[in-house]
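Here's the structure, in structure tokens; my notes come after.
If you read the sequence from its start, that first residue is 1, and numbering goes on from there.
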Amino acid sequence: MKIFRRILFSILFIFLAGYSYEARGEMNTAASGINENSIAKDSIMENEAKNIGIFDFENHTVLLNSGYTMPIMGLGTYSLSDEACYQSVTTFLNSGGRLIDTAYMYHNEAAVGRAVRNSPIPREEIFVITKLYPNQFKNAEAAIEEAFNKMDIDYIDMMLLHHPGEYDIEAYYAIEQAVKAGKIRSIGLSNWYIKELKEFLPKVHIMPALVQNEIHPYYQENEVIPYIQRLGIVVQGWYPLGGRGYTADLLGNEVLQDIAQKHKVTSAQVILRWNLQKGVVVIPGTSNPDHIKENLDLFGFALDDEDMKRIKALDRNEKHDWY
């Protein structure tokens, strides 16, 4: 049923533009006698398809093109060691967070899985993302099995390719097979930009549900983000607060501090809210319990057009990591 639902979403997404439900319904009813209940179900699916990629600020979620719902605020676990990762994920879940980002190269998938298993939060309410690194692409089936067994959380909500590399399309095909087997629910890419996407996407069978790239006020990707979103793919930003070695400078920016003072919030909250209003899912990383809670408290204020313009003017095209 879940596979059938994903197929329906893909079909609806491809044909939604320029192909009205009314015309299709009349044709199908006349030609094959489809009953009204079937038409009603088609209508519900089509209405859902129209919401793909649209942020639900009331429920703090976004509908993916895979048919699954993902939280729009998460916790990044890069650089968190085993015990620190376990404690951070536990604090995050207890504070109301539900989206966790990990990776093979973070060496903490087991800790994430342990925190999810030990949490009283129902598994279906938690969304876990992990990634295959290029040195795993050649033997992706074994790498997928390793991640699945290491986390031991019944299924993986989403698996990404960490960045382009040799055998990346073969690795993607392996993830597609894992989706069909029910081990993984959605697929994504990390560090894929316009050129890479134009070359890669025509080769895949299942459209990626998400692209995760470096995004912060000093590196805004104002051309890349809308390009990805027009494809029906959700955008997620890593290093939203600038990344290691750059966070203090970014949070101390006078424009961001001025906007924060205006709304009686922190600079970090301003940056995270700015991302959300651009339609970018955020996964700030921290092991500080107070910061974890602060990073989830983003819905008591909203940035106005002037705030958004001032932040847009901060763009330096300044990337803080190599990929």
Report task. Would you check if the side chain of Tyr172 reaches a backbone N or O of Ile206 as a donor-acceptor pair within less than 3.5 Å? Result -> yes

Query raised in the report: Going by heavy atoms in the side chains, are Asp56 and Val62 under 4.5 Å from each other?
Result: no

Query raised in the report: Should we count NZ of Lys312 as having more than 12 external heavy atoms under 6.0 Å?
Result: no

Query raised in the report: Any side-chain heavy-atom pair from Asp82 and Arg114 closer than 4.5 angstrom?
Result: yes

Requested in this report: Find the distance between CE (Met159) and OG1 (Thr130) and round it off to the nearest 0.5 Å.
Outcome: 5.5 Å

Requested in this report: Would you kindly say whether Asn275 and His216 are connected by a side-chain donor-acceptor distance under 3.5 Å?
Outcome: no

**Report entry** Donor-acceptor pair between Gln87 and Glu83 side chains, under 3.5 angstrom
**Finding:** yes

Report summary line: Correct closest heavy-atom pair for Val211 and Trp192 would be CG1-O, 3.6 Å

Report task. Return the minimal non-hydrogen interatomic distance between Pro208 and Leu189, and the atom names on each side. Result -> CG-CD1, 4.1 Å

Query - Any side-chain donor near an acceptor of the partner, Ser267 and Gln257, under 3.5 Å - result: no

Query raised in the report: Are the aromatic ring centres of Tyr104 and Tyr133 under 6.0 angstrom apart?
Result: no

Query - Donor on one side chain, acceptor on other, Gln277 and Arg273, under 3.5 Å - result: yes

Query - Tyr155 six-ring face occupied by Arg185 cation (under 6.0 Å, within 45°) - result: yes

Query raised in the report: So, Asp101 versus Trp238: side-chain donor-acceptor pair below 3.5 Å or not?
Result: no

Query raised in the report: Any side-chain heavy atom of Thr286 within less than 4.5 Å of one from Asn295?
Result: yes

**Report entry** Heavy atoms of other groups near Asn59 CG, more than 12 under 6.0 Å
**Finding:** yes

Query raised in the report: Between CD1 of Ile52 and OG of Ser66, what distance do you get to the nearest 0.5 Å?
Result: 8.5 Å

Query raised in the report: How about Asn118 and Tyr86: does a side-chain donor come under 3.5 Å of a side-chain acceptor?
Result: yes

Query raised in the report: If we only count heavy atoms from C-beta on, is the Glu294 to Asn288 side-chain gap below 4.5 Å?
Result: no

Query raised in the report: Which atom pair, heavy atoms only, marks the closest approach of His162 to Phe137?
Result: N-CZ, 4.4 Å

Query - N-O pairing of Asp304 and Lys262 below 4.0 Å - result: yes

Query raised in the report: Are Arg98 and Asp157 close enough for a salt bridge, meaning some N to O gap below 4.0 Å?
Result: no

Query - Flag, side chain of Glu199 to backbone of Glu196, donor-acceptor distance under 3.5 Å - result: no

Requested in this report: Flag the pair Thr247 / Tyr239 as yes when at least one side-chain heavy-atom distance between them is below 4.5 Å, and no otherwise.
Outcome: no

Query raised in the report: If every non-hydrogen atom of Pro240 is compared with every non-hydrogen atom of Leu272, which pair is closest and at what distance?
Result: CB-CD2, 3.9 Å

Report task. Taking Gln269 for its side chain and Thr266 for its backbone only, find out whether a donor-acceptor pair lies under 3.5 Å. Result -> yes

Query raised in the report: Will you find, in the side chains of Asn317 and Tyr219, an N or O donor that is under 3.5 Å from an N or O acceptor?
Result: no

Query raised in the report: Does any donor atom in the side chain of Lys319 or Tyr218 lie under 3.5 Å from an acceptor atom in the other side chain?
Result: no

Query raised in the report: Can a salt bridge be assigned to the pair Asp258 and Arg310 using a cut-off of 4.0 Å between side-chain N and carboxylate O?
Result: yes

Report summary line: Nearest heavy-atom contact between Phe127 and Thr69 is CD1-O, 3.6 Å

Query raised in the report: Under 3.5 Å, is there a donor-acceptor pair between the side chain of Asp315 and the main chain of Gln220?
Result: yes

Query raised in the report: Taking NZ, NE, NH1 and NH2 as the nitrogens, is one of them in Lys180 or Glu176 under 4.0 Å from a carboxylate oxygen of the other?
Result: no

Requested in this report: Answer yes or no: are there more than 12 heavy-atom neighbours, outside Glu125 itself, under 6.0 Å from its atom CD?
Outcome: yes

Query raised in the report: Is there side-chain contact between Val89 and Val112, with at least one heavy-atom pair below 4.5 Å?
Result: yes

Query raised in the report: Okay, side chain of Glu221, backbone of Asn213: is any donor-acceptor separation there less than 3.5 Å?
Result: no

Report task. Kindly say whether Gly97 contributes a backbone atom to a donor-acceptor pair with the side chain of Ser95 at under 3.5 angstrom? Result -> no

Query raised in the report: Are the side chain of Glu214 and the backbone of His320 linked by a donor-acceptor contact shorter than 3.5 Å?
Result: yes

Report task. Please name the pair of heavy atoms, one in Leu80 and one in Ser287, separated by the smallest distance, quoted to 0.1 Å. Result -> CD2-CB, 3.7 Å

Query raised in the report: Can you say whether the rings of Phe301 and His263 are parallel (under 30°), tilted (30 to 60°) or perpendicular (over 60°)?
Result: tilted

Query raised in the report: Going from CG on Asp321 to NE2 on His163, what distance comes out if it is rounded to the nearest 0.5 angstrom?
Result: 9.5 Å

Query - Other residues, nucleotides, ligands: >12 heavy atoms within 6.0 Å of Glu58 CD - result: no

Requested in this report: Check whether any side-chain N or O of Asn253 sits under 3.5 Å from a backbone N or O of Leu256 as a donor-acceptor pair, and report yes or no.
Outcome: yes

**Report entry** Distance, nearest 0.5 Å, that separates NZ of Lys203 from CG of Leu201
**Finding:** 10.5 Å

Report task. Answer yes when Lys138 and Glu170 have at least one side-chain N-carboxylate O distance shorter than 4.0 Å, and no when they do not. Result -> no

